[in-house]
Structure formats: structure tokens, C-alpha cells
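If you read the sequence from its start, that first residue is 1, and numbering goes on from there.
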Amino acid sequence: MEIKELQEKVELHLSSVWKDNVKVSQMQHLSGGACQDNYALDLISKSGKQSLVLRTDKGASLLSSLSKKDEFKVAELVYKAGVKTPTPVFLEETSDVIGSPFFLMEKIGGKAAGRYITKDKELDSYRKSQMVSDLAANLAKLHTVKPSSVSDEELKQKLKFVTKENYVSIAISDLRQSLDELPESHPAIELCLFWLESNAPSIDDILLVHGDFRTGNFMMNSEGLQGILDYEFAHFGDRHEDIAWLCMRDWRFGRLNKEVGGFGDRKDFYQAYQNTSGIPVDPFKVTFWEIMGNVRWAIGSAQQTERHISGKDKGIELAAIGRRTAEMEWEAMRLIEEISNAI
């Protein structure tokens, strides 16, 4: 759909829903990756001018991602928990308006690009002083959302309500099923899944997990953290999942010595997280979920490529992601060797 047509449809729909003469003064496409489309727009109505972002799916979303309806509801939960995140504004659940469901959220400042977060001189001062502690504190606040605090039973089921006793086995089983659905074999992933099954740790609590908490999914500028984004992979699980995902090698953007997102050190992040949550971080559990995360990303990369090869949703970005599968397999096995030697 052309921008002008999209602008007109959104304008007409919001005017009808809000019973107001809503005008979209401008709209522009933002980068959204392989699965998402984002548009910046300015709305003018009786209540004033609002700078917003429209978020919708592009083609077929990943099988494990939430619908726009559920992602919006998660954003509301996180916002109410005090996490620094864009204010959720409006949800359109149907595909009638623009061809797919969408939601509107506050437009915030800053940039999310990995190389900007990890290397740009504009962030040098903030990177050295507050970046780690700000992200750790906000992640700890996100983790205060528990199944018991979610009143929407439908959403609770979409977030895959589990118990401390069965969560790890379910997570591994889901990965094995996804692996079996791929058309080609991956012996390295099979090896990693066997290790995960044999070394599963206990879980201290089940809570909301962001699911993609990494460099690239939070907005920064010289003034600091502007907001955490992208909740389409949120689910109930173990707090160590999010910490491990942020520490994965793939999200360091070349700064491999800075194991936390390419900008920080583990001990500092662990301590900052504990300062807010009151709960110590278990390094073994982080490594376990880091291995699990690499396996998940390896399978996800293969799934993305299969979307292209099958013709279901062709695109050079999807095709290129497939090369990451072998990288993640190597990293998962490296971590297994490292932790096995340390035990």
C-alpha cells in the first residue's frame, strides 16, 4: 500500500473511532526488519498534536511471535509496571483498515542501531556511566509482571502459562519440534539439545520475559535510555533468559570483549539487576539460557531462510539470515565446551 493511501485510511478510521476530525499531517516509513513494518506519523486532533508510530506485520510473521493485539496488551502491562517504554495509544485488531491489524504507540527519540549503541562517540559518556544500570533496572521492572498480575485469561494463555517444574522441558521440546519441521538436518543443534536436556537448572520464579531483549531493541541518545521496544516474542519464563539473550555474542556488534550487548560487563549488569530486583543472578543459568538462545536463533535463522526458499515470503534479507545458522551452532557448542571445562 502506498503511503498516501495508508495515511488516508488511518485518518478516516481514527476520525470515526475517536469521533473527532483527525488529520495525519505526515507519515513516513521506518525500518522494521524482516517481520515488522513501522511508520512514523503526526496526528492533529482537538486534543492537539501527537507524534506516533504505527506498527504492523510485514508479510508472514514468525510462528512464535505474538499477534499485534497481544503485543499491544503486553506493552500496556510493561508500561504500567514502570518500564521506560513508548506509551501504548491505540489498537486496531482487525485487518479491515489497512489489510492487517496494527497499533499506535508514542514516538520516542533516540536510535536503536547496534553500531550506534556500541560505538558512537555521542554515547561515550552515557555508555561508561549509566547505560548498563539503566537497562538492568528496567529489565528488573519488566520482570515484576507475573502470571498472577495478568487478568486477561486469553492473553495469559498466549504468553504460554507454565510452571517452574515444567518450563525448561517445554522450552526444549518446542525447539525440538521446530527443528524437526525444518526440511534439512542439523546434527550440531541435536547435540546442543541433548546437552540442554541433561543440564537443565531449576527456576526460581515464572514471570514475563521480553523474549528479544538485546541491542537493537532499545532507543538511546546522549541523554540516555529513551525506551525499550518490541514485545512480539514476550512470554512467561525464567528471568535469566532475557539476561542471557542480551549477552549473546551475536548482539555485540563486533565488540566481543563487552559481553553485555557490546557495551557492558556481565558483573556490572548482574549487580545492577540485583540492586533493583533484590534477586542475585545465577551465572550458570545465564550460560544455560545463552546456549538455549543460540540454538533458538539458529533454528529461527533457518526458518527465515526457508520462508524465502519455499517462496512463501521471498526477500534477500530472509535469504541472507540463513548464513547465521552455522554461526549460532558454533557459538552454542563453544559455550558448552567452556562451561563443561569449568565444572
Flag, side chain of Glu106 to backbone of Thr87, donor-acceptor distance under 3.5 Å: yes

Salt-bridge test for Glu337 and Arg334: reply yes if a basic N is under 4.0 Å from a carboxylate O, no otherwise. no

For the backbone of Gln130 and the side chain of Ser133, can you confirm whether one donor and one acceptor N or O come within less than 3.5 Å of each other? yes

Looking only at heavy atoms, which two atoms of Ala302 and Thr325 are closest? And how far apart? N-OG1, 3.4 Å

Return the minimal non-hydrogen interatomic distance between Asp174 and Lys160, and the atom names on each side. OD2-NZ, 4.4 Å

dist Ile172:CD1 -> Arg176:CZ (nearest 0.5 Å) comes out at 8.5 Å

Would a 4.5 Å heavy-atom cut-off, applied to side chains only, mark Gln304 and Ser301 as touching? no

Give me each pair satisfying salt bridge (charged side-chain N to carboxylate O under 4.0 Å, His left out) with a member in residues 74-85, each pair once, sequence neighbours excluded. none

Search all heavy atoms of Ala136 against all heavy atoms of Ala272 and return the closest pair with its distance. CB-CB, 3.6 Å

Does the side chain of Lys146 come within less than 4.5 Å of Ile206's, by heavy atoms? no

Quick check: does any side chain N or O of Asp212 sit under 3.5 Å from a backbone N or O of Asn217, one acting as donor and the other as acceptor? no

Pairs involving residues 194-219, ordered by first then second residue, that meet ring-ring contact (aromatic ring centres under 6.0 Å, His included) (sequence neighbours left out): His210-Phe213, His210-Tyr231, Phe213-Phe218

pair Asp42-Gln50: side-chain heavy atoms closer than 4.5 Å: no

Using a 6.0 Å distance limit plus a 45 degree cone around the ring axis, check whether Arg214 lies over the aromatic ring of Trp245. no

May I have the step-by-step check of side chain to side chain donor-acceptor pair (under 3.5 Å) for Ser100 and Thr56, ending in yes or no? CA-CA 7 Å; Ser100 60; Thr56 188; 2.7 Å; yes

Would you give the length of the straight line joining atom CZ of Arg266 to atom SG of Cys247, rounded to the nearest 0.5 angstrom? 4.0 Å

Following the transitive rule for hydrophobic clusters with a side-chain heavy-atom cut-off under 4.5 Å over Ile, Leu, Val, Met, Phe, Trp and Tyr, establish whether Phe253 and Met219 coincide in one cluster. no

Please give the remaining members of the hydrophobic cluster of Leu52, linking ILVMFWY side chains under 4.5 Å, ordered by chain and number. Met1, Ile3, Leu6, Val10, Leu14, Val17, Trp18, Val22, Val24, Met27, Tyr39, Leu41, Leu43, Leu54, Val89, Phe90, Val97, Ile98, Phe102, Leu104

Go through Glu232 and Ser65 one step at a time and tell me if the side chain to side chain donor-acceptor pair (under 3.5 Å) criterion holds. CA-CA 5 Å; Glu232 69 265 32; Ser65 63; over 6 Å; no

Using the rule given for side chain to side chain donor-acceptor pair (under 3.5 Å), can you reason through His186 versus Glu184, listing the C-alpha separation, both sets of side-chain angles and the distance that settles it, and then say yes or no? CA-CA 7 Å; His186 288 270; Glu184 73 282 343; 2.8 Å; yes

If you compare all heavy atoms of Pro201 against all heavy atoms of Lys285, which two are closest, and at what distance to 0.1 Å? CB-CG, 4.0 Å

Looking at CG of Leu175 and CG of Leu179, how far apart are the two atoms once the value is rounded to the nearest 0.5 Å? 8.5 Å

Below 4.0 angstrom, N of the basic side chain to O of the carboxylate: do Lys68 and Glu92 qualify? no

Within the distance-only criterion (no hydrogens, no angle test), does the side chain of Ser173 pair as donor or acceptor with the backbone N or O of Ser169 below 3.5 angstrom? no

Linked hydrophobic residues, Tyr79 as query - side chain contacts closer than 4.5 Å: none

I want to check something: taking the side chain as every heavy atom from C-beta on, are Val281 and Phe269 in contact at a cut-off of under 4.5 Å? no

May I have the step-by-step check of salt bridge (charged side-chain N to carboxylate O under 4.0 Å, His left out) for Lys69 and Glu154, ending in yes or no? CA-CA 11 Å; Lys69 171 185 173 181; Glu154 182 182 356; 3.6 Å; yes

In terms of hydrophobic clustering (I, L, V, M, F, W, Y; side-chain heavy atoms under 4.5 Å; direct or indirect links), are Met292 and Ile170 co-clustered? yes

Salt bridge (charged side-chain N to carboxylate O under 4.0 Å, His left out) assessment of Arg55 paired with Glu71: CA-CA 10 Å; Arg55 186 167 167 82; Glu71 185 184 351; 2.8 Å; yes

Verdict with supporting geometry, Arg249 and Glu327, salt bridge (charged side-chain N to carboxylate O under 4.0 Å, His left out): CA-CA 10 Å; Arg249 184 187 185 98; Glu327 297 175 10; over 6 Å; no

Are any side-chain N or O atoms of His13 and backbone N or O atoms of Glu11, one a donor and one an acceptor, separated by less than 3.5 Å? no

How would you list all residue pairs meeting ring-ring contact (aromatic ring centres under 6.0 Å, His included) that involve residues 112-142, not counting sequence neighbours? none

Is it the case that the side chain of Asp242 and the backbone of Leu139 share a donor-acceptor pair, with hydrogens and angles ignored and the cut-off at 3.5 Å? no

Heavy-atom closest pair (Leu135 atom, Met220 atom, distance to 0.1 Å) is CD1-CE, 3.7 Å

With a 4.5 Å cut-off on side-chain heavy atoms, are Ile299 and Met328 touching? no

Within the 4.5 Å heavy-atom criterion, are Asp282 and His240 side-chain neighbours or not? yes

Which pairs, with at least one residue in residues 113-124 and sequence neighbours excluded, count as a salt bridge (charged side-chain N to carboxylate O under 4.0 Å, His left out)? Asp124-Arg127

Considering all heavy atoms of both residues, which atom of Leu159 and which atom of Ala234 are nearest to each other, and what is their separation? CD2-O, 3.5 Å

Side-chain heavy-atom pair Leu225, Met131 within 4.5 angstrom cut-off: no

CG-CD1 distance between Leu196 and Ile336, expressed to the nearest 0.5 angstrom: 6.0 Å

Would you say that more than 12 heavy atoms from the other residues, nucleotides or ligands in this model lie under 6.0 Å from the NZ of Lys156, or not? yes

If only atom types and distance count, is the side chain of Asp268 paired as donor or acceptor with the main-chain N or O of Gly264 below 3.5 Å? no

Any donor and acceptor pair, going by atom type alone, linking the side chain of Ser185 with main-chain N or O of Pro187 inside 3.5 Å? no

Nearest 0.5 Å, please: how far is CD in Glu153 from CD in Gln157? 7.0 Å

Taking the side chain as everything from C-beta on, heavy atoms only, tell me whether Trp289 gets closer than 4.5 Å to Asp238. yes

Check the pair Thr163, Asn166 against side chain to side chain donor-acceptor pair (under 3.5 Å), reporting the backbone distance first and the verdict last. CA-CA 6 Å; Thr163 68; Asn166 68 12; 3.1 Å; yes

Which residue, Val83, Leu77, Val209, Leu207, forms the side-chain contact (heavy atoms from CB on, under 4.5 Å) with Leu142? Val83

Verdict with reasoning, Asp205 to Lys164, per salt bridge (charged side-chain N to carboxylate O under 4.0 Å, His left out): CA-CA 6 Å; Asp205 200 3; Lys164 293 187 290 185; 5.8 Å; no

Find the distance between CD (Gln226) and OG1 (Thr85) and round it off to the nearest 0.5 Å. 12.0 Å

